[in-house]
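Let me begin by presenting the structure, written as structure tokens, before commenting on it.
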Amino acid sequence: MKAGVIGAGAWGTALAQLLASDRQNVVLWALEPDVVEAINASHQNPLYLANIPLSPSVRATGSMGDLAACEMLLVVSPAQHLRAVVSQAPAGVPLVLCSKGIEAGSSLLMSEVAAQAQPDSPIAVLSGPTFAHEVAKGLPTAVTLACEDRDLGQRLAARIARPSFRPYLSDDVIGAEIGGAVKNVLAIACGVAEGAGLGLNARAALISRGFAEMTRFGLARGARAETLGGLSGLGDLVLTCSSTNSRNFSLGKGLGEGASAAELLSNRRTVAEGAHTAPVLRDAARAAGVEMPVVEAVCALLSEAAPLSDVIDALLARPLRPE
């Protein structure tokens, strides 16, 4: 399957490098002309994935028309721009969604957005614990590949798999997406704990109680518990809640150190998806009658509705309850 990748940020570039590791040609669509030029001229993406030499078989383009011959498209655009990007993609080509988030306004998952934007295109979701630079370097990685069409899922898995990149097949698309979206918000909370010096006990509590929130919300939206407990849920949660390599964790760390959300977000070229997902997730959870106090706390910090000390006190003062 000739592959294309839509989105030349760090993750999209890493996936293009992965797919090109068998020396097959990969077309990488980039929004920025300077990124296209750098990849084609010097086989590097210094703006988003510095110090990683790219395969000569990765060819960048700024034209969606160059993706027309592809038999598989990995979509790695920011979640809030996915609808606009996918609507421009060639119709009828299987879309492997690698963006993690929930659409503002509609509260739709990325698969639901893509189904509206390209109703004739089969859809799969790739999600799991993945730092882009590690995948680009060929370090061992395992992910969830979710697709309701099992035969298509098997073909996509065979095309994507590499000796160091192992996709586990699932048909629970909703579960794979919810894990990826919710963990970004929880990573901000864990970053806050790091930045504020709250200790490792606090981080462990946030991960475990955050996972309980993820599970409650996921089950309410039709996900399966085993999916949320797998690579695309718990696995991704542990990774992004444990390292400043996570953009969401590093955003939270800045908040914990006393910087304002407006200041931190204005200084970023890359997208911390959790900042956009948090208020959408909070509203969707409220509408579904699902309690998510950690998510509510993150929203309060991002909107600067309350100081950090008050947010922490409110979480710790919640009524005691059975686990």
Side-chain angles (χ1 to χ4, degrees), residues 3-16 19 26-37 39 45 47-49 58-127 132 146-147 156 173-174 176-178 180-182 184-185 221 247-248 251 265-266 268-284 302:
V5 179
I6 300 177
W11 185 216
T13 304
L15 286 170
L19 294 172
V26 177
V27 182
L28 175 59
W29 180 86
L31 179 65
E32 303 93 336
D34 52 339
V35 171
V36 173
E37 182 180 358
I39 292 173
N45 186 347
L47 194 59
Y48 293 114
L49 196 64
V58 174
R59 180 175 67 86
T61 181
S63 171
M64 282 285 183
D66 290 339
L67 301 171
C70 294
E71 301 168 279
M72 171 182 72
L73 293 174
L74 276 63
V75 184
V76 204
S77 63
Q80 302 308 322
H81 299 287
L82 185 133
R83 181 182 296 273
V85 170
V86 166
S87 66
Q88 301 173 51
V93 180
L95 301 174
V96 181
L97 307 180
C98 308
S99 308
K100 299 173 181 178
I102 305 173
E103 187 181 53
S106 69
S107 294
L108 294 177
L109 300 172
M110 297 296 96
S111 62
E112 296 167 330
V113 173
Q116 290 184 355
Q118 282 290 359
D120 296 328
S121 296
I123 292 169
V125 168
L126 181 74
S127 190
C147 185
L156 293 172
V173 172
I174 292 174
E177 288 204 88
I178 285 178
V182 176
N184 282 333
V185 181
R221 288 290 290 257
R247 287 169 288 186
N248 295 288
L251 170 62
L265 292 170
S266 66
R268 288 172 172 264
R269 185 179 183 97
T270 56
V271 177
E273 291 283 11
H276 301 286
T277 299
V280 185
L281 175 60
R282 175 200 60 201
D283 294 346
L302 289 172

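Considering only heavy atoms from C-beta on, Pro94 stays 4.5 Å or farther from Glu71 through its side chain. Leu108 has its side chain within reach of Gln116: a pair of non-hydrogen atoms, C-beta onward, lies under 4.5 Å apart. Inter-residue side-chain proximity for Leu156 and Met72 is flagged as met; some heavy-atom pair is nearer than 4.5 Å.
Contact record, Ala79 with Gly101: CB-CA, 3.9 Å, taken as the closest heavy-atom pair. The minimum heavy-atom distance between Gly9 and Thr13, with the atom names listed, is O-OG1, 2.7 Å. Taking all atoms of both residues into account, the shortest heavy-atom contact from Ala114 to Leu97 is CB-CD1, 3.9 Å. For the residue pair Val125 and Glu177, the shortest heavy atom distance occurs at CG2-CG, 3.7 Å. Taking all atoms of both residues into account, the shortest heavy-atom contact from Ser121 to Gly92 is OG-N, 3.0 Å. Taking all atoms of both residues into account, the shortest heavy-atom contact from Ser127 to Gly180 is OG-CA, 4.0 Å.
Taking CG of Leu95 as the reference point, atom CG of Leu126 lies at 13.0 Å (rounded to 0.5 Å). Once rounded to the nearest 0.5 Å, the distance linking CD of Glu112 with OG of Ser106 reads 8.0 Å. Rounded to the nearest 0.5 Å, atoms CD1 (Ile123) and CD (Gln118) are 9.0 Å apart. Here His276 contributes atom NE2 and Asn248 contributes atom CG; the two are 9.5 Å apart, rounded to the nearest 0.5 Å. In this structure, the separation between CG on Leu73 and CD1 on Ile6 is 5.0 Å, given to the nearest 0.5 Å. Within the model, atoms OG of Ser99 and CG of Leu109 stand 12.5 Å from one another, a figure rounded to the nearest 0.5 Å.
Looking at residues two or more places apart in sequence or on another chain, you find a side chain to side chain contact (heavy atoms under 4.5 Å, CB included) between Cys147 and Ala124, Asp149, Leu152. Residues satisfying the side chain to side chain contact (heavy atoms under 4.5 Å, CB included) criterion with Ala284, sequence neighbours excluded, are Ser107, Phe217, Arg221. Shown here are the salt bridge (charged side-chain N to carboxylate O under 4.0 Å, His left out) partners of Arg247, two or more places apart in sequence or in another chain: there are none. By the side chain to side chain contact (heavy atoms under 4.5 Å, CB included) test, Val35 pairs with Ala8, Ala30, Glu32, Ile39, Asn45, Leu47, Tyr48, sequence neighbours left out. Contacts of Leu31 classified as side chain to side chain contact (heavy atoms under 4.5 Å, CB included), with partners at least two apart in sequence or in another chain: Trp29.
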Problem - Derivation and outcome, side chain to side chain contact (heavy atoms under 4.5 Å, CB included), residues Val27 and Val5 - result: CA-CA 6 Å; Val27 182; Val5 179; over 6 Å; no

Problem - Val182 vs Leu281, side chain to side chain contact (heavy atoms under 4.5 Å, CB included): CA-CA, chis, key distance, verdict - result: CA-CA 8 Å; Val182 176; Leu281 175 60; 3.9 Å; yes

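At most 12 heavy atoms of other shown residues, nucleotides or ligands fall within 6.0 angstrom of atom CD in Glu37.
Residue pairs meeting the salt bridge (charged side-chain N to carboxylate O under 4.0 Å, His left out) criterion with at least one partner in residues 86-108, sequence neighbours excluded, are Arg83-Glu103, Lys100-Asp236.
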List the atom pairs, with distances to 0.1 Å, where a side-chain N or O of residues 58-67 and a protein N or O form a donor-acceptor pair under 3.5 Å, not counting sequence neighbours.
residue: Thr61; atom: OG1; partner: Ser63; partner atom: N; Å: 3.0
residue: Thr61; atom: OG1; partner: Asp66; partner atom: OD2; Å: 2.4
residue: Ser63; atom: OG; partner: Gly65; partner atom: N; Å: 3.2

